[in-house]
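One structure is given below, encoded as structure tokens.
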Amino acid sequence: MPFDAKPVDMPLPAILYTIFLCALFGGNTVAIKISLSGMGPFTNAGLRFAVAGAAIIVWAAATGRPFRLKKGQAGHILATSMIFTAQLALFYLGMARTNASRGALMSNLVPFFVLILAHFVIPGDRFTVRKCLGILLGFGGVAFLFSDQAGISADLRTGDLIILGAVVLWSVNSVYVKRIIHRFETFHLVLYPMVFAVPIFLAAGGVADGPMTLPPAGDVLAAMAYQALVTASYGFLAWNTLLRKYGAVAMHSFIFVMPPVGVALGAWMLDEPVTPRMLIALAMITAGILVVHVRPKKPAPVLTAGP
């Protein structure tokens, strides 16, 4: 969801709506986990972004957005599309092995990786005491989660590590998009990577995904609709509408909502265990996000479309 804008004060209705959107994004790992119970990871990703891409195309056409790329933009689109495809492939493969709640915690490392990468590649975006403290809290929380040996299977750990790889690629893509965003229509940088990825995911699904039950169960279809229509299309449109009006600084002050929502929904809907160690990790990651993003002096890192 890339966009950077000058921040302005947000009224209470906009604040509440932003919290609502962040809660929707926080539930995405649970929706992915449910849909993976009825279809393979590549097929899941391919169908999700096919539906989301179609919805964004309809929106863009209805609102008169230009689809044509300008000279020199195709190379950037290709680069971000390749990263996006690899990122989502890893994320869905990882989610097939780990819990939704652990996936939600790992996903929220993105802002911290972005801060580190931005320090080296974006002029003027340097470490501060606030950023360093937030990074230490965030990574410390995940390190604490990984240090838990009791009751953690090798498969679960493998899933966590695969998601960590996806998070690194997501962060690289976010920083890359931040450098080129001013050259593009905002929706181009979300739509065209989806268009690029869908045939690759569906082809990979036909080769690597196991047999699926047809027609899919109702909960699987509902979870797919949530991923495609609620987060990947409606969420994108609503988030970017607010970003245009209120700016990245104001909007990203609320992303701390995402990790606790993901953990809570994983426990409630999937009966996933919530251990004391996980709660401590959750508190550290959430605190790190708050330290970095509540009233920062400079615009927060942009987030690109992702899990």
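Excluded from the calculations below are hydrogen atoms, water molecules and symmetry mates; all remaining heavy atoms, backbone and side chain alike, are included. Numbers here simply count residues along the sequence, with the first being 1.
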Practice task
Please examine the side chains of Ile289 and Pro259, heavy atoms only from C-beta on, and report whether any two atoms are closer than 4.5 Å.
Solution key: yes
Problem - Val58-Leu47 co-clustered via ILVMFWY side chain contacts under 4.5 Å - result: no
Practice task
Mind listing the closest non-hydrogen atom pair of Val30 and Gly266 along with its distance?
Solution key: CG2-N, 3.6 Å
Fill in the blank from the handout: Applying side-chain contact (heavy atoms from CB on, under 4.5 Å) to Ile135 and not counting sequence neighbours gives Phe112, Leu115, Ile116, Phe127, Phe139
Handout entry: Spacing of Leu242 atom CG and Ile15 atom CD1 [to the nearest 0.5 Å]
Key = 11.0 Å
Handout entry: For Ala96 against Leu36, the heavy-atom pair lying closest together
Key = N-CD1, 3.6 Å
Practice task
Dump the intermediate steps for side-chain contact (heavy atoms from CB on, under 4.5 Å) on Asn44 and Met95, then the final yes or no.
Solution key: CA-CA 11 Å; Asn44 195 329; Met95 284 302 302; over 6 Å; no
Exercise for the section: Could you pull out the closest heavy-atom pair between Ala23 and Tyr226, with the gap in Å? Expected result: O-OH, 4.4 Å
Problem - Backbone N/O of Ser101 and side chain of Glu272: donor-acceptor pair under 3.5 Å - result: yes
Completion exercise
Residue set satisfying ring-ring contact (aromatic ring centres under 6.0 Å, His included) with Phe184, at least two apart, ordered chain then number -> none
Problem - Residue pair Trp170 / Val114, side-chain heavy-atom distance below 4.5 Å - result: no
Exercise for the section: Provide the full list of ring-ring contact (aromatic ring centres under 6.0 Å, His included) pairs with a residue in residues 261-292, sequence neighbours left out, each pair given once. Expected result: none
Exercise for the section: Provide the closest heavy-atom pair for Gln87 versus Ala166 in the form atom of the first, atom of the second, distance. Expected result: O-CB, 3.4 Å
Handout entry: Pro111 vs Ile255 side-chain heavy atoms within contact, under 4.5 Å
Key = yes
Problem - Listed partners of Ala104 passing side-chain contact (heavy atoms from CB on, under 4.5 Å), at least two apart - result: Thr29
Problem - Nonpolar side-chain network containing Ile200, other nodes, edges under 4.5 Å - result: Leu78, Met82, Phe196
Problem - Under 3.5 Å side-chain donor-acceptor pair for Arg65 and Thr63 - result: yes
Practice task
Could I get the full list of ring-ring contact (aromatic ring centres under 6.0 Å, His included) partners for Phe20, not counting sequence neighbours?
Solution key: none
Completion exercise
side chain to side chain donor-acceptor pair (under 3.5 Å) filter on Ser233, not counting sequence neighbours, yields none
Practice task
For Tyr234, enumerate each residue passing the ring-ring contact (aromatic ring centres under 6.0 Å, His included) test, keeping only those at least two apart in sequence or located in another chain.
Solution key: none
Problem - Side chain Thr80, main chain Ile77, donor-acceptor under 3.5 Å - result: no
Exercise for the section: Consider only side-chain heavy atoms of I, L, V, M, F, W and Y, link residues closer than 4.5 Å, and tell whether Leu161 and Leu105 are in one cluster. Expected result: yes
Exercise for the section: Could you walk me through whether Asn28 and Arg48 pass side-chain contact (heavy atoms from CB on, under 4.5 Å), step by step? Expected result: CA-CA 12 Å; Asn28 202 52; Arg48 175 193 179 187; 3.3 Å; yes
Practice task
Using modelled atom types only, decide if a donor and an acceptor are shared between the side chain of Lys33 and the backbone of Thr98 within a distance under 3.5 Å.
Solution key: yes
Practice task
Please report the C-alpha distance between Leu279 and Met284 in whole Å, then the side-chain angles of each, then the deciding distance to 0.1 Å, and finally whether the side-chain contact (heavy atoms from CB on, under 4.5 Å) criterion is met.
Solution key: CA-CA 9 Å; Leu279 291 176; Met284 293 177 69; over 6 Å; no
Handout entry: same_hphob_cluster(Leu169, Val110) at 4.5 Å side-chain heavy-atom cutoff
Key = yes
Problem - Verdict with reasoning, Phe113 to Leu164, per side-chain contact (heavy atoms from CB on, under 4.5 Å) - result: CA-CA 11 Å; Phe113 276 115; Leu164 183 61; 4.0 Å; yes
Exercise for the section: Go through the structure and list residues passing side chain to side chain donor-acceptor pair (under 3.5 Å) with Tyr176, not counting sequence neighbours. Expected result: His76
Fill in the blank from the handout: Rounding to 0.5 Å, atoms CD1 (Ile56) and CZ (Phe49) come to a distance of 9.5 Å
Practice task
Any chance you could measure Met39, atom CE, to Ile34, atom CD1, to the nearest 0.5 Å?
Solution key: 12.0 Å
Exercise for the section: Tell me whether Met224 is reachable from Phe25 by hopping between hydrophobic residues (I, L, V, M, F, W, Y) whose side-chain heavy atoms are closer than 4.5 Å. Expected result: yes
Problem - Sequence-distant partners of Tyr192, ring-ring contact (aromatic ring centres under 6.0 Å, His included), two or more places apart - result: His188
Problem - Donor-acceptor contact present, side-chain Arg277 to main-chain Phe144, <3.5 Å - result: yes
Exercise for the section: Look at the side-chain heavy atoms of Ile, Leu, Val, Met, Phe, Trp and Tyr, link any pair under 4.5 Å apart, and say whether Leu189 and Phe187 land in one connected group. Expected result: yes
Problem - Ile57 CD1 to Leu191 CG distance, which is reported to the nearest 0.5 Å - result: 5.0 Å
Problem - Side chain Asp209, main chain Phe42, donor-acceptor under 3.5 Å - result: yes
Practice task
Answer yes or no: is there a donor N or O on one side and an acceptor on the other, between the side chain of Lys131 and the main chain of Val292, under 3.5 Å?
Solution key: no
Practice task
With sequence neighbours excluded, tell me which residues meet side chain to side chain donor-acceptor pair (under 3.5 Å) with Asn99.
Solution key: none
Fill in the blank from the handout: Here the gap from Ile285 atom CD1 to Phe256 atom CZ, rounded to the nearest 0.5 Å, amounts to 15.0 Å
Fill in the blank from the handout: Minimal heavy-atom distance between Pro260 and Thr286, with the atoms involved, is CD-OG1, 4.0 Å
Completion exercise
Smallest heavy-atom separation, Leu145 atom then Ala281 atom, equals CB-CB, 4.0 Å
Exercise for the section: Report yes or no: does Arg102 contribute a side-chain atom to a donor-acceptor pair with the main-chain N or O of Asp160 at less than 3.5 Å? Expected result: no
Practice task
List in chain and number order the residues that pass side chain to side chain donor-acceptor pair (under 3.5 Å) with Gln73, two or more places apart in sequence or in another chain; answer none if no residue qualifies.
Solution key: none
Problem - Polar side-chain atom of Ser171 near backbone of Val167 as donor-acceptor pair, under 3.5 Å - result: yes
